[in-house]
Amino acid sequence: MSDSLLGLEEPPQPAKAEAYRVLARKYRPQTFSALIGQDAMVTTLGNAIRRDRLAHAFLLTGVRGVGKTSTARLIAKALNCIGPDGQGGPTIDPCGVCEPCRAIAEGRHIDVIEMDAASHTGVDDVREIIEASRYAAVSARYKIYIIDEVHMLSKNAFNALLKTLEEPPGHVKFLFATTEVNKVPVTVLSRCQRFDLRRIPAELLAEHFAKVCAAEQVEAEPEALALVARAAEGSARDGLSILDQAIAHAGLEGEGVKAEAVRQMLGLSDRGANRALFGTLVEGQAQQALAGLRAQYDLGVDPLAVLRALLETVHGVTLVKLGTHRLSGQSTEEREAMEGWASRLSFPALHRLWQLLLRGHDEVAKAALPIEATEMALLRVIHAAQLPDPGDLARQILSGSIAVPSGAPAAVAAAPTAPAPATVQETGPVLPTNLTELAEHLEEHRRLQLAMFVRDYMRPVRFEGSEIDFGAARPLPQDFVRELGGALKDSTGVHWKITLVEGATAMTLREEQAAKEAAEREAVLASPIVAAAIQAFPDAELIGWTKTGSDG
């Protein structure tokens, strides 16, 4: 009796399911056209291949996940592609179907050797490459060495590679990839053609992720993809990993990738709640601000994430005020809210908000009690926002619109009421009577260098008629006295007697101006109102201030 009749035959086995490949590996670019965000590099490589001007070594640098290793493999395919008919040459558009293209894509080509420098750092590993590079390629046009994270090689390994890297055999190409190009010796950099791969813009990443979702037959909200793209920080690999997680987070119900789910997954604060919180800060509503913060905290949002979101809001409002383009992932409601804040908040107010929130972020990052530290940071923002602008205070003091207290120093009272310069009635050609008039006279007659020497170096001793005695703050050119006398005679028609003397102690015009500005600055800082403002802003400084009341 047969086994089949006895029921002893092996039951049919289900076919083994193919192992899942993560999106970052599944959608690794296989052609240069699929490499997003690196158009300049692709153009340069294409021109080099078409003109047969190929370097013997390439260095690819950039942040993680922008395509360094993928680009190295694409270059290997481009140089070794033989076309579908086996008669093709190097091309920027490798066919992907010939044996070299398929073998390189699958990582099994004998003439394309990949090495991870992080685990092969020694000089012996490099010596193996040097010895093997002497022999011709087995089946490919070029023998190609791809060394990833090349900055991890030891100093001796780099030194051993230098000579071969400078004069390699004609059949060898070196492709280096690194995230820390500053650690690569200059002697190696000078022997390579360098390509800096840029961070991929969030807009391009979002478009790419939409195509991936379509290929995976997964529905995804545009706002969700925008959030993933922003979280990727310019890295396609990071973004695909986040997208992979978001698709898994969506579950099996066919609901697709939702923006709210992505926010929860990434620990991002809800944008609507963030806008409401920012609005309470701007309005100075302390209780509502703390309630809004606690509501987000109870939902599991990290306090640092709240402060980062507020910083992003301040940055976004500033960009709107400048009239820049719309940020990626912004909804209509968010755009309208930012436009409203941009119309109400001045640039100084936005800068103060940025500095206060940034300081709070640094404090919370080191705080033992993060949520309590965040609450104190928000309260400081609210109370500091209600204080007047220090620059406006300085201008009001100078204009006299704010009364100076009677107990203030005399310099404070003198600063707002500085006398206007006296006017001179012209009755004909008049000779300069002091160094200030002398410098202005020289400037009017286009003797700018002489005027500069007068302002910066001359210490006045005696100025009578056409006779000048002066000292020098610094050594002057040997012919300065002669040139100055000649210039004055040409412009005034009068012979001048100019004498350089020793031991002069009077200040130069430049020193007088500096001393005057310092006194006026101290006068403003001594004002109780400004002192109170600086006490509220410990890191604030009075900068760019002049007597006429420029912005401070």
Any idea which heavy atoms bring [X] and [Y] closest together, and the distance?
{"X": "Cys101", "Y": "Lys77", "result": "O-CE, 4.0 Å"}
{"X": "Lys68", "Y": "Leu197", "result": "N-CD2, 3.8 Å"}
{"X": "Phe58", "Y": "Cys192", "result": "C-CB, 4.5 Å"}
{"X": "Gln30", "Y": "Ala105", "result": "OE1-CB, 3.7 Å"}
{"X": "Ala289", "Y": "Leu277", "result": "O-CD1, 3.3 Å"}
{"X": "Cys81", "Y": "Cys98", "result": "SG-SG, 4.0 Å"}

Under 3.5 Å donor-acceptor, [X] side chain and [Y] backbone:
{"X": "Arg191", "Y": "Thr187", "result": "yes"}
{"X": "Ser235", "Y": "Val66", "result": "no"}
{"X": "Asp244", "Y": "Leu240", "result": "no"}
{"X": "His171", "Y": "Ser133", "result": "yes"}
{"X": "Asn80", "Y": "Tyr142", "result": "yes"}
{"X": "Asp111", "Y": "Ala137", "result": "no"}
{"X": "Arg199", "Y": "Glu233", "result": "yes"}
{"X": "Thr71", "Y": "Gly67", "result": "yes"}
{"X": "Lys173", "Y": "Ala76", "result": "no"}
{"X": "Lys183", "Y": "His151", "result": "no"}

Is any NZ, NE, NH1 or NH2 atom of the basic residue among [X] and [Y] found under 4.0 Å from an Asp or Glu carboxylate oxygen of the other?
{"X": "Glu363", "Y": "Lys366", "answer": "no"}
{"X": "Arg359", "Y": "Asp362", "answer": "no"}
{"X": "Glu216", "Y": "Lys26", "answer": "yes"}
{"X": "Glu114", "Y": "Arg73", "answer": "yes"}
{"X": "Arg194", "Y": "Asp196", "answer": "yes"}

[X] atom [atom1], neighbour heavy-atom count above 12 within 6.0 Å:
{"X": "Arg108", "atom1": "CZ", "result": "yes"}
{"X": "Met376", "atom1": "CE", "result": "no"}
{"X": "Phe347", "atom1": "CZ", "result": "yes"}
{"X": "Leu189", "atom1": "CG", "result": "yes"}
{"X": "Glu106", "atom1": "CD", "result": "yes"}
{"X": "Arg141", "atom1": "CZ", "result": "yes"}

Once you round to the nearest 0.5 Å, how far does [atom1] of [X] lie from [atom2] of [Y]?
{"X": "Leu281", "Y": "Gln288", "atom1": "CG", "atom2": "CD", "value": "11.0 Å"}
{"X": "Lys143", "Y": "Leu79", "atom1": "NZ", "atom2": "CG", "value": "15.5 Å"}
{"X": "Leu357", "Y": "Arg352", "atom1": "CG", "atom2": "CZ", "value": "12.5 Å"}
{"X": "His351", "Y": "Leu356", "atom1": "NE2", "atom2": "CG", "value": "13.0 Å"}
{"X": "His120", "Y": "Ile147", "atom1": "NE2", "atom2": "CD1", "value": "11.0 Å"}
{"X": "Leu59", "Y": "Leu175", "atom1": "CG", "atom2": "CG", "value": "10.0 Å"}

### Message
Between Val306 and Leu293, does the side-chain contact (heavy atoms from CB on, under 4.5 Å) criterion hold? Intermediate values first, please.
### Response
CA-CA 8 Å; Val306 175; Leu293 172 64; 3.9 Å; yes
Do [X] and [Y] have side chains that get closer than 4.5 Å, going by heavy atoms?
{"X": "Leu307", "Y": "Leu378", "answer": "yes"}
{"X": "Trp341", "Y": "Phe278", "answer": "yes"}
{"X": "His361", "Y": "Leu304", "answer": "yes"}
{"X": "Leu23", "Y": "Ile247", "answer": "yes"}
{"X": "Phe174", "Y": "Ile146", "answer": "no"}
{"X": "His109", "Y": "Pro100", "answer": "yes"}
{"X": "Glu219", "Y": "Val257", "answer": "no"}
{"X": "Leu243", "Y": "Cys213", "answer": "yes"}

### Task
Determine, step by step, whether Leu45 and Phe32 satisfy the side-chain contact (heavy atoms from CB on, under 4.5 Å) criterion, reporting the C-alpha distance in whole Å, the side-chain angles of both residues, the deciding distance to 0.1 Å, and the verdict.
CA-CA 10 Å; Leu45 283 174; Phe32 281 104; 4.0 Å; yes
### Task
Could you tell me whether the side chains of Asn274 and Thr313 share a donor-acceptor contact shorter than 3.5 Å?
yes
### Query
Going by atom types alone, do Tyr297 and Glu375 pair a side-chain donor with an acceptor below 3.5 Å?
no
### Task
Carefully, step by step, assess Thr179 and Arg64 under the rule side-chain hydrogen bond (donor to acceptor under 3.5 Å, both in side chains).
CA-CA 7 Å; Thr179 55; Arg64 68 195 185 282; over 6 Å; no
### Query
Stepwise, does the side-chain contact (heavy atoms from CB on, under 4.5 Å) test hold for Leu153 with Val123?
CA-CA 8 Å; Leu153 290 179; Val123 66; over 6 Å; no
### Query
When Trp354 is tested against each of Val314, Val317, Thr318 for side-chain contact (heavy atoms from CB on, under 4.5 Å), which residue passes?
Val314
### Task
Just do the salt bridge (charged side-chain N to carboxylate O under 4.0 Å, His left out) check on Arg344 and Glu339 with the steps written out, would you?
CA-CA 9 Å; Arg344 293 164 49 200; Glu339 288 175 351; over 6 Å; no
### Verdict with supporting geometry, Leu319 and Met338, side-chain contact (heavy atoms from CB on, under 4.5 Å)
CA-CA 9 Å; Leu319 293 183; Met338 286 192 172; over 6 Å; no
